[in-house]
Amino acid sequence: MAEAEGHAGRQSELEPVVSLVDVLEEDEELENEACAVLGGSDSEKCSYSQGSVKRQALYACSTCTPEGEEPAGICLACSYECHGSHKLFELYTKRNFRCDCGNSKFKNLECKLFPDKATVNSGNKYNDNFFGLYCICKRPYPDPEDEVPDEMIQCIVCEDWFHGRHLGAVPPESGDFQEMVCQACMKRCSFLWAYAAQSAVIKISAEDDGLVLNVDGIDDQEVIQSENGEQDNTLKEDVPEHGKSPDKEVKAEQNSEPCASSSSESRLQTAFKNQNFNTDSQSGCRLQELKAKHFVKKDTATYWPLNWRSKLCTCQDCMKMYGDLDVLFLIDEYDTVLAYENKGKIDQAAEKRDPLMDTLNSMNRVQQVELICEYNDLKTELKDYLKRFADEGTVVKREDIQQFFEEFQSKKRRRVDGMQYYCS
């Protein structure tokens with residue numbers, strides 16, 4: 001008997017014990033994550049009527065448009081209503097996209113929610129993500145053949161997803177940066193290197209091949225060499241020494257702004273906010289001023305802190321350059337994934353209602369009092385019931401909860417049957 005009890009005790013020690021509070025908190029966290037991912041997308045109406053949506057939750061249907069066919073993307077509502085039983089790839093979010101569901105790319109399917117669509121959406125952009133392939137390695141995610149644990153990071157320019165190990169340099173900790181620009185996009189948008197020397201999270205060092213975590217958001221060389229050979233000592237700063245290798249990066253503390261990867265305060269964010277670019281140059285172009293400083297280009301991705309886009313020059317020449325490169329979205333504060341996620345959280349919070357309060361508001365006063373009494377009885381009896389398990393150190397199982405509610409309902413019926421009614 002003692003041996004059996006000992007075995008049961010050891011077994012209970014091995015079984016994970018989860019409290020009701022833990023379950024509720026985990027459920028709320030998952031709900032918040034879902035709200036962020038969906039970004040307030042409508043789950044019942046096709047988004048086609050809205051035109052090219054700035055950002056929305058998107059999916060690709062492998063059943064309707066397999067690899068070899070033309071790529072197509074569908075909105076959240078169509079993923080439920082028109083493709084509910086199909087194999088879908090979750091694309092997370094893409095910018096300026098219009099739902100394709102039921103157009104000419106779908107041979108045998110008509111959209112149930114908005115059938116009157118144009119043949120194609122010429123403004124949409126597609127990549128290998130629409131066939132479930134990602135990164136320069138063109139592999140699925142999750143990849144059953146890849147045994148290396150690695151985080152996937154989305155480039156904010158091309159919006160492809162990349163393995164951290166395929167970005168040319170070891171990424172900083174996820175909480176230390178907000179956005180990433182991949183190697184190919186840095187080559188195409190080479191003007192960003194001038195900003196990266198001052199503002200990127202991983203600073204590009206011109207002295208050697210090392211990459212250093214840019215904690216203070218400014219070059220750590222005491223003397224900056226300009227193109228005309230003159231020395232500029234105005235940028236001299238007291239900064240901590242940094243290592244010269246990606247393996248010895250200095251980790252910045254996490255920032256305090258609401259973002260997808262971090263919520264704690266950082267010197268990185270504070271320093272970047274306080275950093276001022278001098279725009280009083282003759283041309284009035286911030287980019288030209290930065291190009292006069294000593295900076296270097298590398299074959300690597302770059303990582304950027306929160307609000308770095310607000311530092312981009314918006315002079316006439318730079319605006320034309322953004323247009324020519326098709327990156328005007330970089331100066332749109334509402335283009336960021338963070339803005340999209342926050343919109344989803346705000347929309348959900350506005351719609352979120354307490355079901356108990358809704359029920360109470362629909363009742364008269366007598367019914368409200370009865371419901372509150374029933375609730376208090378349930379709370380008291382459930383607390384006493386669970387206390388027995390806590391005192392005995394035993395785990396509450398599903399059948400225990402079922403037994404409690406069966407007994408509670410039985411007691412409630414006996415109370416109702418025993419009630420006496422009087423007529424005046």
Side-chain angles (χ1 to χ4, degrees), residues 30-134 138 140-142 154-161 326 328-329 332 334-337 339-353:
L30 290 173
E31 184 178 351
N32 290 335
E33 289 180 1
C35 293
V37 170
L38 299 181
S41 297
D42 196 322
S43 61
E44 298 179 354
K45 297 179 181 178
C46 176
S47 65
Y48 182 85
S49 61
Q50 302 175 37
S52 294
V53 181
K54 186 180 290 290
R55 278 204 179 274
Q56 63 175 315
L58 283 181
Y59 302 81
C61 182
S62 177
T63 304
C64 296
T65 55
E67 192 171 1
E69 299 287 339
E70 290 187 83
I74 58 176
C75 68
L76 176 65
C78 288
S79 74
Y80 292 151
E81 186 65 26
C82 308
H83 305 264
S85 60
H86 296 180
K87 180 182 178 182
L88 301 179
F89 297 123
E90 184 177 352
L91 304 178
Y92 186 43
T93 169
K94 302 286 186 186
R95 67 170 61 89
N96 301 329
F97 199 92
R98 196 172 196 182
C99 180
D100 285 322
C101 180
N103 67 13
S104 62
K105 297 184 176 184
F106 294 80
K107 309 301 184 188
N108 302 308
L109 182 136
E110 182 178 87
C111 180
K112 300 177 183 178
L113 300 176
F114 202 105
D116 189 21
K117 287 187 172 74
T119 305
V120 294
N121 293 313
S122 58
N124 287 354
K125 294 183 179 180
Y126 307 90
N127 58 18
D128 288 328
N129 295 176
F130 289 81
F131 297 116
L133 302 176
Y134 308 90
K138 305 302 179 186
Y141 183 83
Q154 188 180 34
C155 172
I156 62 161
V157 178
C158 67
E159 298 193 296
D160 195 0
W161 292 82
D326 197 20
L328 277 169
F329 54 80
D332 181 1
Y334 297 106
D335 171 77
T336 65
V337 173
Y340 166 82
E341 291 178 338
N342 285 340
K343 176 182 180 298
K345 293 176 181 177
I346 292 172
D347 290 350
Q348 181 65 20
E351 295 175 1
K352 198 170 185 180
R353 304 175 66 180

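What you see below is based on every heavy atom in this structure, not just the backbone, and it leaves out hydrogens, waters and symmetry mates. Quantities reported herein were computed from a predicted structural model and do not represent experimental measurements.
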Chemist: Give the intermediate values and the outcome of side-chain contact (heavy atoms from CB on, under 4.5 Å) for residues Leu76 and Tyr59.
Modeler: CA-CA 7 Å; Leu76 176 65; Tyr59 302 81; 3.6 Å; yes
Chemist: Minimum heavy-atom separation for Tyr340 and Arg55, please, with both atom names.
Modeler: CD1-CB, 3.4 Å
Chemist: Can you tell me how far apart CD (Glu69) and CZ (Phe131) are? Round to the nearest 0.5 Å.
Modeler: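 Separation between the atoms: 8.0 Å.
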Chemist: Determine the minimum heavy-atom distance between Trp161 and Asn129, stating which atoms define it.
Modeler: CD1-OD1, 3.7 Å
Chemist: Hey, does the side chain of Gln56 reach the backbone of Cys75 with a donor-acceptor pair shorter than 3.5 angstrom?
Modeler: no
Chemist: Looking only at heavy atoms, what is the nearest atom pair of Ile74 and Ser79, with distance?
Modeler: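 Nearest pair, atom of Ile74 first, then Ser79: CD1-CA, 3.8 Å.
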Chemist: Does the ring centre of Tyr134 sit less than 6.0 Å away from the ring centre of Tyr92?
Modeler: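 Not close enough - the centres of the two rings lie 6.0 Å or further apart.
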Chemist: Dump the intermediate steps for side-chain contact (heavy atoms from CB on, under 4.5 Å) on Asp160 and Asp128, then the final yes or no.
Modeler: CA-CA 8 Å; Asp160 195 0; Asp128 288 328; 5.8 Å; no
Chemist: Which atom pair, heavy atoms only, marks the closest approach of Phe130 to Ala72?
Modeler: CD2-O, 3.3 Å
Chemist: For residues 98-110, please give each side-chain donor-acceptor pair under 3.5 Å, one per line with the distance, not counting sequence neighbours.
Modeler:
from   : atom 1 : to     : atom 2 : distance (Å)
Arg98  : NE     : Tyr48  : O      : 3.0
Arg98  : NH2    : Tyr48  : O      : 3.2
Asp100 : OD1    : Asn103 : ND2    : 3.1
Asp100 : OD1    : Asn121 : ND2    : 2.7
Asp100 : OD1    : Asn124 : ND2    : 3.3
Asp100 : OD1    : Tyr126 : OH     : 3.4
Asp100 : OD2    : Gly73  : N      : 3.0
Asp100 : OD2    : Tyr126 : OH     : 2.8
Asn103 : OD1    : Lys105 : N      : 3.0
Asn103 : ND2    : Asp100 : O      : 3.3
Ser104 : OG     : Thr119 : O      : 2.8
Lys105 : NZ     : Pro71  : O      : 2.7
Lys105 : NZ     : Tyr126 : OH     : 3.1

Chemist: Counting C-beta onward and ignoring hydrogens, is there a side-chain heavy-atom pair between Thr63 and His83 closer than 4.5 Å?
Modeler: no
Chemist: Rounded to the nearest 0.5 Å, what's the gap from SG on Cys46 to CD on Glu44? Could you check?
Modeler: 13.0 Å
Chemist: Between atom OG of Ser52 and atom CZ of Arg95, what is the distance when rounded to the nearest 0.5 Å?
Modeler: 13.0 Å
Chemist: To the closest 0.5 Å, what do you measure between CZ (Phe114) and CD (Glu81)?
Modeler: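 It is 15.0 Å, given to the nearest 0.5 Å.
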Chemist: Over all heavy atoms of both residues, which pair between Glu159 and Gln154 is shortest? Give the atoms and the distance, please.
Modeler: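 Distance-wise, the nearest heavy atoms are O-NE2, 3.2 Å.
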Chemist: Quick one: does Ser41's side chain get under 4.5 Å of Ser47's, heavy atoms only?
Modeler: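 No; the side chains remain at least 4.5 Å from each other.
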Chemist: Within this structure, what is the CG-OG distance for the pair Asp116 and Ser49, rounded to the nearest 0.5 Å?
Modeler: 11.5 Å
Chemist: To the closest 0.5 Å, what do you measure between NZ (Lys54) and OH (Tyr334)?
Modeler: 9.5 Å
Chemist: Taking it one step at a time, do Glu70 and Thr65 satisfy side-chain contact (heavy atoms from CB on, under 4.5 Å)?
Modeler: CA-CA 7 Å; Glu70 290 187 83; Thr65 55; over 6 Å; no
Chemist: Does Leu133 reach the side chain of Pro140, with side-chain heavy atoms less than 4.5 Å apart?
Modeler: yes
